[in-house]
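For clarity, every value in this text was computed on a predicted model and none was experimentally measured. Convention: sequence-line order gives letters A, B, ...; per-chain numbering from 1.
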2 protein chains.
Amino acid sequence: MTARRVPEASVARLPLYLRVLVDLAEEGAQTVSSQALAESAGVNPAKVRKDLSYLGSYGTRGVGYDVEFLVGQISRELGLSQEWATCIVGLGNLGLALAHYGGFAERGFHLAALLDDDPAKVGTTVAGVEVSHVEETERLVKEHDIAIGVIAVPGPAAQGVADRLCDGGVSSILNFAPVVLQVPDGVSLRKVDLSVELQILAFYEQRRAADAVVDSAARTGLADVLDHAPPQ
Amino acid sequence: MTARRVPEASVARLPLYLRVLVDLAEEGAQTVSSQALAESAGVNPAKVRKDLSYLGSYGTRGVGYDVEFLVGQISRELGLSQEWATCIVGLGNLGLALAHYGGFAERGFHLAALLDDDPAKVGTTVAGVEVSHVEETERLVKEHDIAIGVIAVPGPAAQGVADRLCDGGVSSILNFAPVVLQVPDGVSLRKVDLSVELQILAFYEQRRAADAVVDSAARTGLADVLDHAPPQ
DNA sequence: AGCTGTGAAAAAGTTCACAGCA
DNA sequence: TGCTGTGAACTTTTTCACAGCT
């Protein structure tokens with residue numbers, strides 16, 4: 001029985017499982033248990049089973065899941081059995097890193113266009129693709145039927161680029177610029193933000209430090225005094 | 001009343017609020033309502049109020065939040081009032097992009113070391129920091145008391161780098177390599193993965209496409225037939 | 001005996017809606 | 001009047017625990 005509507009949290013883990021499974025297949029594994037898959041993916045086995053159950057009943061009780069079959073099912077579910085045309089706007093170090101990134105071409109993501117506003121870069125070839133001027137964005141998105149646009153420009157330029165991508169007709173945007181973008185309904189937006197990630201880590205760093213102080217205070221009977229003291 | 005234990009989901013939004021607030025402060029705004037803050041951050045106003053209430057009762061009824069004060073409180077809560085020593089391992093395009101990224105130095109994150117395994121890169125200076133050989137990782141982490149390590153090496157090298165960082169004594173790792181890392185308890189780990197993000201977007205792209213087919217089928221009375229048809 | 005698939009319980013996160021203060 | 005702070009309702013996600021195949 002194929003269940004429709006995979007929960008968002010599960011969707012976000014499917015690519016992870018897929019990566020582990022591909023590795024297992026390369027190592028020649030025939031089957032894998034939810035336990036083993038969970039270990040490699042760094043999650044709980046029950047979660048793996050639940051997640052996979054949303055795709056269908058693809059396991060065999062007492063045995064596990066057929067690795068190759070599961071790779072196929074997850075790929076299909078993620079829409080990786082078809083080609084997606086993508087483009088990258090902004091060819092600074094980050095844009096270059098993304099353009100050269102192997103995993104890009106790897107799973108059905110085809111780099112159809114590269115865009116930058118620097119005349120010195122326009123016309124050059126990066127990763128086998130000629131760089132166009134950012135003003136060509138709408139035209140190229142339409143022309144190549146680009147579904148996913150990747151934004152790797154500085155913050156202040158990002159909203160303008162997003163507008164161009166949406167006008168052109170992309171339906172997904174992956175944003176690396178450190179700003180909150182507004183996009184029309186119906187366009188998926190995901191964000192990757194280095195400085196947000198660092199700040200989240202800093203929070204837990206500091207919490208650990210604070211806890212350590214409270215802990216040692218507790219051991220020496222000073223817990224009450226320090227309970228509301230500022231961290232560090 | 002200062003509430004302890006800010007929920008994880010709230011922590012992840014604090015850096016976002018902080019960014020918006022810093023912008024507002026630069027524009028000269030004195031106060032901001034949860035409504036306005038929510039709009040700029042792209043979330044629901046009730047969520048903003050809940051999130052901020054975990055830090056304390058810093059708002060004024062009928063008025064809103066004092067922008068400057070809130071910047072201070074969130075910064076303190078995120079541990080940004082102190083300096084965090086960081087290092088980047090791997091100076092390919094991605095590592096270079098990260099090293100040059102402004103937001104890095106911006107909020108108390110200090111680049112204490114850069115590491116690479118390419119002898120041609122060792123000894124050069126990037127972003128004002130001399131590049132050391134990756135074998136120096138443990139020593140440099142100890143020496144500079146580095147708390148946060150950023151991994152920007154190819155997948156196969158990542159676990160080895162993570163081990164070095166942990167041996168050296170970092171307590172947080174930000175991983176850009178497309179692999180699941182194993183780290184000791186007590187080390188925070190966050191992951192940024194381009195190909196995972198693209199795959200998540202592809203899922204929703206495909207779902208939209210499938211829904212469109214079903215919708216048009218529904219309009220023409222074919223819903224039952226197509227309900228379980230393969231997408232596209 | 002082993003491992004999946006899944007109801008049911010628990011936990012976490014979100015949103016509502018309104019009392020309460022400025 | 002206007003906007004915060006927060007219980008309470010609701011939704012989503014995670015985890016448990018075990019029935020049911022192989």
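For B/Arg61 and D/dG2, a side-chain-to-base donor-acceptor distance below 3.5 Å is absent, hydrogens and geometry of angles not being considered. Between the side chain of B/Lys50 and the base of C/dT15 there is at least one donor-acceptor pair of N/O atoms closer than 3.5 Å.
Closest to the side chain of B/Arg13, out of C/dT14, D/dT14, D/dT6, is C/dT14. Of all nucleotides listed (D/dT14, C/dT6, C/dG13), C/dT6 comes nearest to the side chain of A/Ser53.
A straight line from CG of B/Asn44 to P of D/dT4 spans 13 Å, rounded to a whole angstrom. Nucleotide C/dT6 holds its C1' atom 17 Å from the OH atom of A/Tyr58, rounded to whole Å. Protein atom CG of B/Leu52 is 11 Å distant from nucleotide atom C1' of D/dG5, rounded to whole Å. Atom OH of B/Tyr54 is separated from atom C1' of D/dT6 by 10 Å (rounded to the nearest Å). Atom CZ in A/Arg49 sits roughly 13 Å away from atom C1' in D/dT14 (whole-Å rounding). Taking atom CD on A/Gln73 and atom P on C/dT4, their separation rounds to 17 Å, with Å as the unit. One interatomic measurement links the two molecules: CZ of B/Arg5 to C1' of C/dG13, which rounds to 18 Å at whole-angstrom precision. B/Lys47 places its NZ atom 12 Å from the P atom of D/dT12, with the value rounded to the nearest Å.
In terms of position on DNA chain D, the residue among B/Tyr65 and A/Gly62 whose nearest nucleotide sits closer to the 5' end is B/Tyr65. Taking for each of A/Ala46 and A/Val63 the nucleotide of DNA chain C with the nearest heavy atom, the 5'-most of the two is the partner of A/Val63.
The side chain of A/Ser33 contributes no N or O atom lying less than 4.0 Å from OP1 or OP2 of C/dC3. Here A/Ser34 reaches the OP1 or OP2 of C/dT4: one of its side-chain N or O atoms lies under 4.0 Å away.
In this structure a side-chain-to-backbone donor-acceptor pair under 3.5 Å is missing from A/Arg190 to A/Ser172. A/Asn175 contributes a side-chain N or O that, together with a main-chain N or O of A/Val179, makes up a donor-acceptor pair within less than 3.5 Å.
Here A/Glu8 lies in heavy-atom contact (under 4.0 Å) with sugar-phosphate atoms only.
Checking B/Arg208, B/Glu205, B/Arg207 one by one against A/Ser188, the side chain to side chain donor-acceptor pair (under 3.5 Å) holds for a single residue, B/Arg208.
Between B/Thr86 and B/His110, the closest side-chain pair of non-hydrogen atoms is not below 4.5 Å.
The aromatic ring centroids of B/Tyr58 and B/Tyr65 lie 6.0 Å or more from each other.
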